[in-house]
A.B. asks: 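The structure follows.
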Number of protein chains: 4
Amino acid sequence: MSPRTESQNAEIREKTRATILESALALFAIRGFHGTSIDAIASHAKISKGLLYHYFAGKKKILEAIIYNGLAEIETLFADTAVIEDPFQHIAVLIERSLTLADSNEHFWRLYISLLLQPDVWADFQTKFLAFAESTTDLMERLFRDAGVENPREEALLLLAIFDGVGLHAIINRDGYPLAAVKNLLIKKYGQKRLL
Amino acid sequence: MSPRTESQNAEIREKTRATILESALALFAIRGFHGTSIDAIASHAKISKGLLYHYFAGKKKILEAIIYNGLAEIETLFADTAVIEDPFQHIAVLIERSLTLADSNEHFWRLYISLLLQPDVWADFQTKFLAFAESTTDLMERLFRDAGVENPREEALLLLAIFDGVGLHAIINRDGYPLAAVKNLLIKKYGQKRLL
Amino acid sequence: MSPRTESQNAEIREKTRATILESALALFAIRGFHGTSIDAIASHAKISKGLLYHYFAGKKKILEAIIYNGLAEIETLFADTAVIEDPFQHIAVLIERSLTLADSNEHFWRLYISLLLQPDVWADFQTKFLAFAESTTDLMERLFRDAGVENPREEALLLLAIFDGVGLHAIINRDGYPLAAVKNLLIKKYGQKRLL
Amino acid sequence: MSPRTESQNAEIREKTRATILESALALFAIRGFHGTSIDAIASHAKISKGLLYHYFAGKKKILEAIIYNGLAEIETLFADTAVIEDPFQHIAVLIERSLTLADSNEHFWRLYISLLLQPDVWADFQTKFLAFAESTTDLMERLFRDAGVENPREEALLLLAIFDGVGLHAIINRDGYPLAAVKNLLIKKYGQKRLL
DNA sequence: TATGAATGAGCCTTCATTCAT
DNA sequence: CATGAATGAAGGCTCATTCAT
């Protein structure tokens, strides 16, 4: 057999890497970082332990890659909302997308909250996240201020807390949670001139 | 010499037991269940590993005792609010107490959210908690209905999500979070006839 | 209350000591020396661990006392057979008593065979036992020689092996073993002029 | 570099597995199951503790494998005797092989008797063994009946007890035991028309 | 005489990581 | 690129023994 071409190899690499990350995320999310073994990840990804170490230097590096990817995805999701001019519509879109995110990225969500609660696993992440949260809060505060709302800072903090709270409940209750109804209620409350 | 009296022993046992539970909670909260070793708990409690097993049959039993105590404490906190007649005042008191709880019982709070997110550790807890959540939601829904609010079920779900969301943020940000201001905003929004 | 008299104390001591030894024997016999914990012995004897150490300096000392008692009992059992003059009758009585012993002292029997097979537990015992076996073999050999049997040494070794073999099977099969029938067969074979 | 071929791995596994079983048997036999640590087995086999668990899921599984192998070996040893037509010769061959076995498989022998005496370690084995013993007894009874001997059942039970009794003594006395002489005596007694 | 809290060494087992192929 | 055998440290748990009362 002829050897693989370089681009074939690159493709394989990328695919294997993705498989590992998906497997690790699925397990970390449900069992936690310490509760997930390298063996379990390799099994889930259907590769050997040795190969896994070819792709990632250690368990923590896998976690780092997951977080990196996850945050990037989130940033992408919100990147194009900046062009929305009307602050109320902007807020409505943020509500819509945030809650959709919790629904579609359940695993990442579980992991990310867990990591925030247990800073011991990876203190770095704490810092990185707080920076992200800070900038999001600032954006939201600006929107509320532009909308002429009283106490824009507190309203911003509250709405962001609502995102996490609703996301949390939606994930925990899973099938039983009326996410759409709650989302609508929120949009009704926030997506118009007079805050309810 | 005569042996210790039974009450002397009971006192010793109660004290040591409490120390162990406190130590375990402090560690579980920050490092997670799997991330906390029995050794660490024993060291923190300043007792030997062996003695720890004299008090608890295993790591999981410690967790169970912590959860049991924690839930009992929470139920106590809300037990006497039933007598409040005015639904708005009732809601205001619930807001007040819930958020105070997150602040004062930070460790339990961290642990409890983590457990909900990682059902693998103790599936039992999931069930027990969902029942608790269900009954709380029902109570809250009734209050909103009594208050003549539209969509009482969704409003109830939302407010409970807010409790957890704000609690989460308060805990994560710790010193930087203006919990009092957010609490006031909430009370202003919910503690009066016309929901804002 | 008046203090106990010295003789009352002595009585208590003797009784407690016996209880401990019985409990230990029952457990050692079934679970083995290493498989039996001090805790288990104390529980079985319904006394505290501390008290147990008042009576015996350690686990091994308990074993020693058990062996000592057991061997003494066996020696007693055979002591008065020396007066029997007819070698065939003598042999018949030895068969009778040996096999009865296995039946009545099951626990000691189990323990004693186990110790012989696992000399590591207590090498001392090995020596002590071999001496006992040697003297028993000599006695038996003399009986066979007096009876005019060919190969008295080998016959002696064989008969003693039969004792242990039958005892072993009787114990292992317990209820299902026709010990009486086998005993009769043996007495028929050995208790008469012409060996069968 | 390419990974080891499957057959290379199989060879390694088989070899290491055998080493572990041999080491474990040697130690279990002398010190008993509870008296033998995993550490001791690994040291004896000159592998790491971790590797041992790569091969066996636990201490008990090692024991099971040993028993399984041992019983298979014994069954092999007796499998081809069925063709012998003359019952006396058949019995003589069984005597020969049984006692040779005790001599050559000393370790397994020690272990197997110990396990029978201490059913607590592995109750399953008890059952499995009793079935084996039952079928052996049936075979032997048939032989005695074919040979026209009186009380064939009791004679069968007795001879099997003799196997175990002589084996036991041969093992305990080790170098000092005239196994050949006793074996000859037995063959003289049993290997001919008129039982002695 | 009697109790049971307390200790620490050691045991069984798991797991992140390395290495030979 | 890929495998799985191998290691060693650490984790959960047990247990003989000591000690204060």
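Letters go in sequence order (proteins before strands), and every chain restarts at 1. All of these numbers come straight from a predicted model, not from anything done at the bench.
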A.B. asks: Does anything in residues 18-37 of chain B come within less than 4.0 Å of DNA chain E? Heavy atoms only, and list the residues if so.
C.D. replies: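 Heavy-atom contacts with DNA chain E come from no residue of residues 18-37 of chain B; none.
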A.B. asks: For B/E6 and for A/K60, locate the closest nucleotide of DNA chain E by heavy-atom distance; then report the residue assigned to the nucleotide nearer the 5' terminus.
C.D. replies: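 The answer here is B/E6.
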A.B. asks: Rounded off to whole Å, could you give me the CG-to-C1' distance for the B/D39 and F/dA10 pair?
C.D. replies: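 So the CG-C1' distance, B/D39 to F/dA10, works out to 9 Å.
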A.B. asks: Measure the CD1-CD1 distance between B/I113 and A/I113 for me, rounded to the nearest 0.5 Å.
C.D. replies: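 If I round to the nearest 0.5 Å, the distance is 8.0 Å.
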A.B. asks: May I ask you to evaluate whether C/T16 reaches the phosphate of E/dT1, defined as a side-chain N or O under 4.0 Å from OP1 or OP2?
C.D. replies: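 Answer no for this pair, as no side-chain N or O of C/T16 is under 4.0 Å from OP1 or OP2.
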A.B. asks: To the nearest Å, give me how far apart CD1 (D/I62) and C1' (E/dC12) are.
C.D. replies: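 In whole Å, E/dC12 C1' lies 11 Å from D/I62 CD1.
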A.B. asks: Filter on salt bridge (charged side-chain N to carboxylate O under 4.0 Å, His left out), then keep only pairs touching residues 105-119 of chain C, sequence neighbours left out; what's left?
C.D. replies: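 For residues 105-119 of chain C, and leaving out neighbouring residues, the salt bridge (charged side-chain N to carboxylate O under 4.0 Å, His left out) pairs sorted by first residue read C/E106-C/R110, C/E106-C/R174.
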A.B. asks: Between CG of A/L51 and OG of A/S48, what distance do you get to the nearest 0.5 Å?
C.D. replies: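 Taking CG in A/L51 and OG in A/S48, the distance rounds to 5.0 Å.
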A.B. asks: Both D/I12 and C/I38 contact DNA chain F. Taking the nearest nucleotide for each, which residue is further toward the 5' end?
C.D. replies: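 Result of the comparison: D/I12.
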A.B. asks: To the nearest angstrom, how far is D/E14 atom CD from F/dA5 atom P?
C.D. replies: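 After rounding, the gap between these two atoms is 12 Å.
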A.B. asks: May I have the distance from C/K61 (atom NZ) to F/dT18 (atom P), rounded to whole angstrom?
C.D. replies: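 Taking NZ of C/K61 and P of F/dT18, I get 13 Å after rounding.
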A.B. asks: Name every residue in residues 40-59 of chain D that has at least one heavy atom under 4.0 Å from any atom of DNA chain E, in order of residue number, or write none if there are no such residues.
C.D. replies: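 Output list: D/K49, D/G50, D/Y53, D/G58, D/K59.
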A.B. asks: Under the side-chain contact (heavy atoms from CB on, under 4.5 Å) test, which residues partner D/Y112, sequence neighbours left out?
C.D. replies: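 D/Y112 satisfies side-chain contact (heavy atoms from CB on, under 4.5 Å) with D/F108, D/W109, D/L116, D/F125, D/F129, D/D164 once adjacent residues are dropped.
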A.B. asks: B/T5 side chain N/O closer than 4.0 Å to the phosphate oxygens (OP1, OP2) of F/dT21?
C.D. replies: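 For B/T5, the contact criterion (side-chain N or O under 4.0 Å from OP1 or OP2 of F/dT21) is not met.
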A.B. asks: Under the rule for side-chain hydrogen bond (donor to acceptor under 3.5 Å, both in side chains), what residues qualify as partners of C/N105, not counting sequence neighbours?
C.D. replies: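 If we apply the side-chain hydrogen bond (donor to acceptor under 3.5 Å, both in side chains) test to C/N105, skipping adjacent residues, the hits are C/E73.
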A.B. asks: Which residue pairs satisfy the side chain to side chain donor-acceptor pair (under 3.5 Å) criterion with at least one member in residues 21-34 of chain D, sequence neighbours excluded?
C.D. replies: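 For residues 21-34 of chain D, and leaving out neighbouring residues, the side chain to side chain donor-acceptor pair (under 3.5 Å) pairs sorted by first residue read D/S23-D/H44.
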A.B. asks: Run the salt bridge (Lys or Arg N to Asp or Glu O under 4.0 Å) test against D/K128 and tell me which residues pass, sequence neighbours left out.
C.D. replies: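 With sequence neighbours excluded, D/K128 shows a salt bridge (Lys or Arg N to Asp or Glu O under 4.0 Å) to no residue whatsoever.
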A.B. asks: In whole angstrom, give the distance that lies between atom NZ of B/K15 and atom P of E/dA5.
C.D. replies: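 Value for this atom pair: 15 Å.
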A.B. asks: Hey, does the side chain of D/R13 come within less than 4.0 Å of F/dA5's phosphate (OP1/OP2), counting only N and O?
C.D. replies: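 Affirmative; the distance criterion is met.
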A.B. asks: Does the side chain of B/I47 reach to within under 4.5 Å of the side chain of B/T19, using non-hydrogen atoms?
C.D. replies: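 Side-chain contact under 4.5 Å: no.
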A.B. asks: Return all side-chain donor-acceptor pairs below 3.5 angstrom for residues 54-72 of chain B, not counting sequence neighbours, or 'none' if the list is empty.
C.D. replies:
from: B/Y55; atom 1: OH; to: B/T16; atom 2: OG1; distance (Å): 3.4
from: B/K59; atom 1: NZ; to: B/F33; atom 2: O; distance (Å): 3.0
from: B/K59; atom 1: NZ; to: B/T36; atom 2: O; distance (Å): 2.8
from: B/K60; atom 1: NZ; to: B/V121; atom 2: O; distance (Å): 3.4

A.B. asks: Find the runs of at least 3 consecutive base pairs, i with j, i+1 with j-1 and so on, that include DNA chain F, using Watson-Crick or G-U wobble geometry with both distances under 3.5 Å.
C.D. replies: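 Counting only runs of 3 or more consecutive pairs, the stems involving DNA chain F are E:2-21 with F:2-21.
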A.B. asks: Under the salt bridge (Lys or Arg N to Asp or Glu O under 4.0 Å) rule, collect the residues that match up with D/D39, sequence neighbours excluded.
C.D. replies: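 D/D39 satisfies salt bridge (Lys or Arg N to Asp or Glu O under 4.0 Å) with D/K49 only.
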A.B. asks: Among residues at least two apart in sequence or on other chains, which ones pass side-chain contact (heavy atoms from CB on, under 4.5 Å) with B/T5?
C.D. replies: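 Residues passing side-chain contact (heavy atoms from CB on, under 4.5 Å) with B/T5: B/S7, B/Q8.
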A.B. asks: Counting side-chain heavy atoms from C-beta on, which of E/dA6, E/dT13, E/dG4 comes nearest to B/N9?
C.D. replies: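 Nearest listed nucleotide: E/dG4.
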